[in-house]
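Because the structure is predicted, anything quoted here is derived from the model rather than measured.
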Amino acid sequence: MESQSAEALLDPPTRPTWRSSLVAAAIGVLVFAVCIWQVVVRGPFIAWDWQFHYYVDAHHPVGWEKVFLDIVASVTGERLFTIPMVGGTALYVAWKQGGPGSLWSIATRRPVMAVLAGLATIASIGYGTKFGLGRTGPHHNMDVLHAGGQAFPSGHAANTFFTGFFILCLLFSQSGLHPSLSRLRTMIPVVGVIVAIAGALMSWLDYHWLSDIPGGWLLGFIACMVALSVLRAGPRGERDRLTAG
């Protein structure tokens, strides 16, 4: 049986607010800007890219192993799979928290709006950076900027991070469907392992430079914080009613 302290919700005055999420997102943007600068000036952030690329080329999976790893990488990071997962979860949570209604009314509730805000963040910052840098991928055997590439940051890594961790927020955070600190703490390492494996596969399969992966994770973190700020943005009375239900 779980302890009272593990399951008890935080007192209203001590609960995280939308402002704290936006502050975290702003810090993430600053760190992301440093990463972009490192890619441009060829700094220490990308120092291991070529070494890892050479190693991968010498140990590249082939045959059924590559097919299997490609499938795993697609399921965990491709938008075709990640958007239905996080979007479907948001629709379910919106329906359970707010009760039955038309599809439009459910789709305009806070959980769905939060997911849309996160996806918009990934799209705007991610594609802005990709097209702005134009970094070629390792499969071209050259690392050149402004050459039409879309390597940095890894969109797959961003999608996996945002999808995995924001589903946890939708389900177990203070504004989620079943608020539970203990469940949240238990599931964070599980999602972290999935995120790490999915990101590693993108480099192991030579689709991205090694430095593209943490760049993608950072983008996913920024999107998660933006989405969480939307999820937390309701009036305190509304949030208390939802978390008490």
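Rounding to the nearest 0.5 angstrom, the gap separating the CZ atom in R135 from the NE2 atom in H140 is 12.0 Å. Atoms OG1 and CE, on T82 and M85 in that order, are 6.0 Å from each other to the nearest 0.5 Å. To the nearest 0.5 angstrom, L171 atom CG is 10.0 Å from L184 atom CG. Here the SG atom belonging to C224 is positioned 11.5 Å from the CG atom belonging to L219, to the nearest 0.5 angstrom. Rounding to the nearest 0.5 Å places CH2 of W64 at 13.0 Å from CG of D70. Interatomic distance, T186 OG1 to L168 CG, rounded to the nearest 0.5 Å: 10.5 Å.
Judged purely by atom type and a 3.5 angstrom limit, H60 uses its side chain to pair as donor or acceptor with the backbone of L205. The main-chain N or O of L170 is never found under 3.5 Å from a side-chain atom of S173 such that the two would form a donor-acceptor pair. Proximity of a side-chain donor or acceptor of H59 to a complementary backbone N or O of Y55 within less than 3.5 Å is detected. A donor-acceptor pair under 3.5 Å links the side-chain atoms of H146 to the main chain of G132, judged by distance alone.
Across every non-hydrogen atom of W209 and A151, the tightest pair is CD1-CB, 4.1 Å. Minimum heavy-atom separation, L22 to S229: CD2-OG, 3.6 Å. Closest non-hydrogen pair, I125 versus T129, comes out as O-OG1, 2.8 Å. Summarising the geometry of V56 relative to S203, their closest heavy-atom pair is CG2-O, 3.7 Å, with the distance given to 0.1 Å. Residues I194 and T160 come closest through the heavy atom pair O-CG2, 4.4 Å. Contact record, Q38 with F45: OE1-N, 3.0 Å, taken as the closest heavy-atom pair.
With sequence neighbours excluded, the residues that form a side-chain contact (heavy atoms from CB on, under 4.5 Å) with S74 are E78, F81. For A107, the side-chain contact (heavy atoms from CB on, under 4.5 Å) test picks out L91, with sequence neighbours left out. The side-chain contact (heavy atoms from CB on, under 4.5 Å) check on W217 picks up A157, F161, V195, I213, P214, with sequence neighbours excluded.
Taking the side chain as every heavy atom from C-beta outward, R79 and I122 never approach each other to under 4.5 Å. Contact of the S154 side chain with the Y207 side chain is not registered, since no non-hydrogen atoms from C-beta on lie closer than 4.5 Å. The shortest distance between side-chain heavy atoms of T108 and V112 does not fall below 4.5 Å. A heavy-atom distance below 4.5 Å is found between the side chains of Q97 and L177. A 4.5 Å side-chain heavy-atom check between K130 and Y127 finds at least one atom pair inside the cut-off. In this structure, the side chains of R42 and D143 come closer than 4.5 Å at one or more pairs of heavy atoms. Using a 4.5 Å heavy-atom cutoff, the side chains of P153 and L218 are not in contact. F152 places none of its side-chain heavy atoms less than 4.5 Å from the side chain of I46.
Annotation: W95, atom CH2; neighbour count of heavy atoms from other residues, nucleotides and ligands within 6.0 Å does not exceed 12. By the 6.0 Å contact criterion, NZ on K96 is open, its count of non-hydrogen atoms from other residues, nucleotides or ligands being 12 or less. Other residues, nucleotides and ligands contribute at most 12 non-hydrogen atoms within 6.0 Å of the CH2 atom of W48. The environment of L103 atom CG is sparse: at most 12 non-hydrogen atoms of other residues, nucleotides or ligands sit within 6.0 angstrom.
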Please report the C-alpha distance between L116 and M113 in whole Å, then the side-chain angles of each, then the deciding distance to 0.1 Å, and finally whether the side chain to side chain contact (heavy atoms under 4.5 Å, CB included) criterion is met. CA-CA 5 Å; L116 291 177; M113 292 296 100; 3.5 Å; yes
task = Report the C-alpha separation of N141 and D57 in whole Å, then their side-chain angles, then the decisive distance to 0.1 Å, and conclude whether the side chain to side chain contact (heavy atoms under 4.5 Å, CB included) test is met.
result = CA-CA 10 Å; N141 282 316; D57 268 356; 3.9 Å; yes
**Item:** Residues F166, L231; criterion side chain to side chain contact (heavy atoms under 4.5 Å, CB included); working and verdict
**Value:** CA-CA 10 Å; F166 197 65; L231 192 65; 4.2 Å; yes
task = Might you work through the side chain to side chain contact (heavy atoms under 4.5 Å, CB included) test for F165 and I188, ending with a clear yes or no?
result = CA-CA 7 Å; F165 284 108; I188 282 176; 4.0 Å; yes
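When hydrophobic clusters are built by joining Ile, Leu, Val, Met, Phe, Trp and Tyr residues whose side-chain heavy atoms come closer than 4.5 Å, directly or via intermediates, V23 is not grouped with L30. Residues L80 and L201 are members of one and the same hydrophobic cluster, defined by side-chain heavy-atom contacts under 4.5 angstrom among Ile, Leu, Val, Met, Phe, Trp and Tyr. Side-chain heavy atoms closer than 4.5 Å link hydrophobic residues (I, L, V, M, F, W, Y) into clusters, and following such links, even through other members, never connects F131 to L133. Under a hydrophobic clustering in which Ile, Leu, Val, Met, Phe, Trp and Tyr are joined whenever their side-chain heavy atoms come within less than 4.5 Å, directly or via other members, V62 and Y54 fall into different clusters. In the hydrophobic clustering of ILVMFWY residues, with side-chain heavy atoms under 4.5 Å counting as a link, V41 and W50 come out apart.
In summary, the side chains of S180 and S182 do present a donor paired with an acceptor at a separation below 3.5 Å, with no hydrogens or angles considered.
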